[in-house]
K.L.:
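Sending over a structure as structure tokens; questions will come in a sec.
Note: hydrogens, waters and symmetry copies are ignored here, and every other heavy atom, side chains too, is used. Along the sequence shown, residues carry numbers from 1.
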Amino acid sequence: RSGSRMEAPQGRAAALATACLSYSRGGPGRALALRAVTAASAQDIDNVGRKYHLKLVLEDILDKDNIVNCTAEVLYHLGNTNAAPDVHFEIEGELKSTDEQDNTFYNRIRSLKEELVAQDIPDSHGNVPPEMEPIRALAQAAAGYVVWQNSTEDTRYHLAQIKHVRQVKRSDDYLEFDYMVLLHEFVSQEIIPWQMTVLWHPQHGVKVTQNSRQ
């Protein structure tokens, strides 16, 4: 029975909305996670698709006291379209600023003598070294984009692990990372390796420039 709650269509739509929020508002200093769905309804729109209306409670897993309410609408398009679902959301109130954490991370990476390379985050015991938390939070935000682009009404993706991450040298102000991540798809129980090239800058947020299922 525990699985059925996870796999209710509203739960999948809520997880997708959270992924989109992560991509839009997440980064090295903020990792948004779904804490609760407080209201959910669905409507079928003729010849268009199904739309979910959701009220969510989100928390920042890097700062457990940072809890926000959010309303979201998720529209899954009818038929075998390759269009990503339409997701709109509105956050009530303000997310706490992460400028300080973001700038600390940015300056730390910029000052490295050698490009950062790491693997297996978290490790097989579920541990994440503190200095890798921002790297994982950034991967979670970027994975939000991949999840959004590849979701259907019947899927629910979750970032399970960073298999490998490598910083790429750049001549401009952006940080660039090449990630190989494992996405867990709850419905099929598949573990899917996915490559993502991710740009980040404290002023401009997260951008996924390239991604491919491996």
Side-chain angles (χ1 to χ4, degrees), residues 2 5-7 10-38 40 54-72 74 87 89-106 108-109 116 118-148 151 155-165 175 177 179-186 191-192 194 196 198 200 202 205-208:
S2 65
R5 183 187 63 83
M6 282 297 268
E7 289 334 317
Q10 295 92 324
R12 295 197 289 270
L16 171 57
T18 305
C20 289
L21 269 148
S22 287
Y23 181 55
S24 163
R25 301 295 176 84
R30 181 187 293 133
L32 294 171
L34 181 61
R35 188 170 178 157
V37 182
T38 55
L54 305 159
K55 288 192 173 172
L56 312 173
V57 182
L58 303 174
E59 68 179 358
D60 180 351
I61 51 186
L62 300 179
D63 174 6
K64 287 278 197 262
D65 300 331
N66 194 6
I67 294 165
V68 288
N69 293 319
C70 166
T71 54
V74 174
V87 181
F89 56 80
E90 217 165 279
I91 294 170
E92 294 170 19
E94 283 296 308
L95 287 166
K96 272 190 201 166
S97 165
T98 58
D99 290 353
E100 197 181 324
Q101 297 94 310
D102 286 347
N103 288 323
T104 300
F105 172 73
Y106 182 75
R108 173 163 75 84
I109 299 295
L116 176 136
Q119 56 233 351
D120 297 334
I121 308 167
D123 65 17
S124 55
H125 303 292
N127 300 320
V128 179
E131 71 276 11
M132 287 297 149
E133 282 287 9
I135 292 288
R136 178 165 73 159
L138 182 59
Q140 188 191 321
Y145 174 79
V146 172
V147 169
W148 170 39
S151 283
T155 60
R156 178 176 180 145
Y157 293 100
H158 170 74
L159 174 65
Q161 190 188 38
I162 299 168
K163 277 312 288 174
H164 191 266
V165 56
L175 299 181
F177 298 96
Y179 282 98
M180 177 65 72
V181 297
L182 298 180
L183 295 180
H184 178 201
E185 203 284 292
F186 279 99
I191 300 284
I192 306 163
W194 214 289
M196 313 186 294
V198 180
W200 181 77
V206 182
K207 190 175 163 82
V208 177

K.L.:
Say whether, by atom type as modelled, one donor and one acceptor occur between the side chain of Asn127 and the main chain of Asp123 under 3.5 angstrom.
P.N.:
no
K.L.:
Where is the tightest heavy-atom contact between Gly29 and Asp102, given as atom of each residue plus distance?
P.N.:
N-OD1, 3.2 Å
K.L.:
So do Tyr157 and Ile192 actually touch side chain to side chain, heavy atoms under 4.5 Å?
P.N.:
yes
K.L.:
Could you go through Ile109 and Phe177, starting from their C-alpha distance and side-chain angles, then the distance that decides it, and tell me whether this counts as side-chain contact (heavy atoms from CB on, under 4.5 Å)?
P.N.:
CA-CA 11 Å; Ile109 299 295; Phe177 298 96; 4.1 Å; yes
K.L.:
Can you tell me how far apart CG (Asn69) and OG1 (Thr38) are? Round to the nearest 0.5 Å.
P.N.:
6.5 Å
K.L.:
If you look at every heavy atom in Val206 and Val198, which pair is closest and at what distance?
P.N.:
CG1-CG1, 3.9 Å
K.L.:
As a test of understanding, state which of Val74, Val208, Val87 forms a side-chain contact (heavy atoms from CB on, under 4.5 Å) with Trp148.
P.N.:
Val87
K.L.:
Going by heavy atoms in the side chains, are Ile91 and Leu21 under 4.5 Å from each other?
P.N.:
yes
K.L.:
What's the spacing between Thr71 OG1 and Lys55 NZ if we round to 0.5 Å?
P.N.:
7.5 Å
K.L.:
Could you report the tightest heavy-atom contact between Phe186 and His158, atom names first, then the distance?
P.N.:
CE1-CB, 3.4 Å
K.L.:
Quick one: list whatever passes salt bridge (Lys or Arg N to Asp or Glu O under 4.0 Å) with Lys96, sequence neighbours left out.
P.N.:
Asp63
K.L.:
Which residues pass the ring-ring contact (aromatic ring centres under 6.0 Å, His included) test with Phe105, sequence neighbours left out?
P.N.:
Trp200
K.L.:
State which residues pass salt bridge (Lys or Arg N to Asp or Glu O under 4.0 Å) with Asp120; sequence neighbours excluded, sorted by chain then number.
P.N.:
Lys163
K.L.:
Can I get a per-line list of side-chain donor-acceptor pairs under 3.5 Å for residues 131-143, giving both atom names and the distance, sequence neighbours left out?
P.N.:
unit_1	atom_1	unit_2	atom_2	d
Gln140	NE2	Leu32	O	2.7

K.L.:
For Asp60, which residues count as a side chain to side chain donor-acceptor pair (under 3.5 Å) partner, sequence neighbours excluded?
P.N.:
none
K.L.:
If you round to the nearest 0.5 Å, how far is OH of Tyr106 from CG of Asp99?
P.N.:
14.0 Å
K.L.:
Looking at Gly144 and Tyr23, what are the two nearest heavy atoms and their distance?
P.N.:
C-CB, 4.0 Å
K.L.:
In chain order, what residues pass the side chain to side chain donor-acceptor pair (under 3.5 Å) check against Glu59, with sequence neighbours excluded?
P.N.:
Arg35
K.L.:
Give, for atom CG of Leu58 and atom CZ of Arg30, the distance between the pair rounded to the nearest 0.5 Å.
P.N.:
11.0 Å
K.L.:
Identify the two heavy atoms, one from Ala15 and one from Leu34, that lie closest to each other, and give their separation to 0.1 Å.
P.N.:
N-CD2, 4.2 Å
K.L.:
Might you point out which heavy atoms bring Leu54 and Ala40 nearest each other, and give the distance in Å?
P.N.:
CD2-CB, 3.7 Å
K.L.:
Distance-only, no hydrogens or angles: does the Ser151 side chain make a donor-acceptor pair with backbone N or O of Val147 under 3.5 Å?
P.N.:
yes
K.L.:
Please indicate whether Glu92 has more than 12 foreign heavy atoms, meaning atoms of other residues, nucleotides or ligands, lying under 6.0 Å from its CD.
P.N.:
yes
K.L.:
To the nearest 0.5 Å, tell me how far Glu94 CD sits from Asn66 CG.
P.N.:
10.5 Å
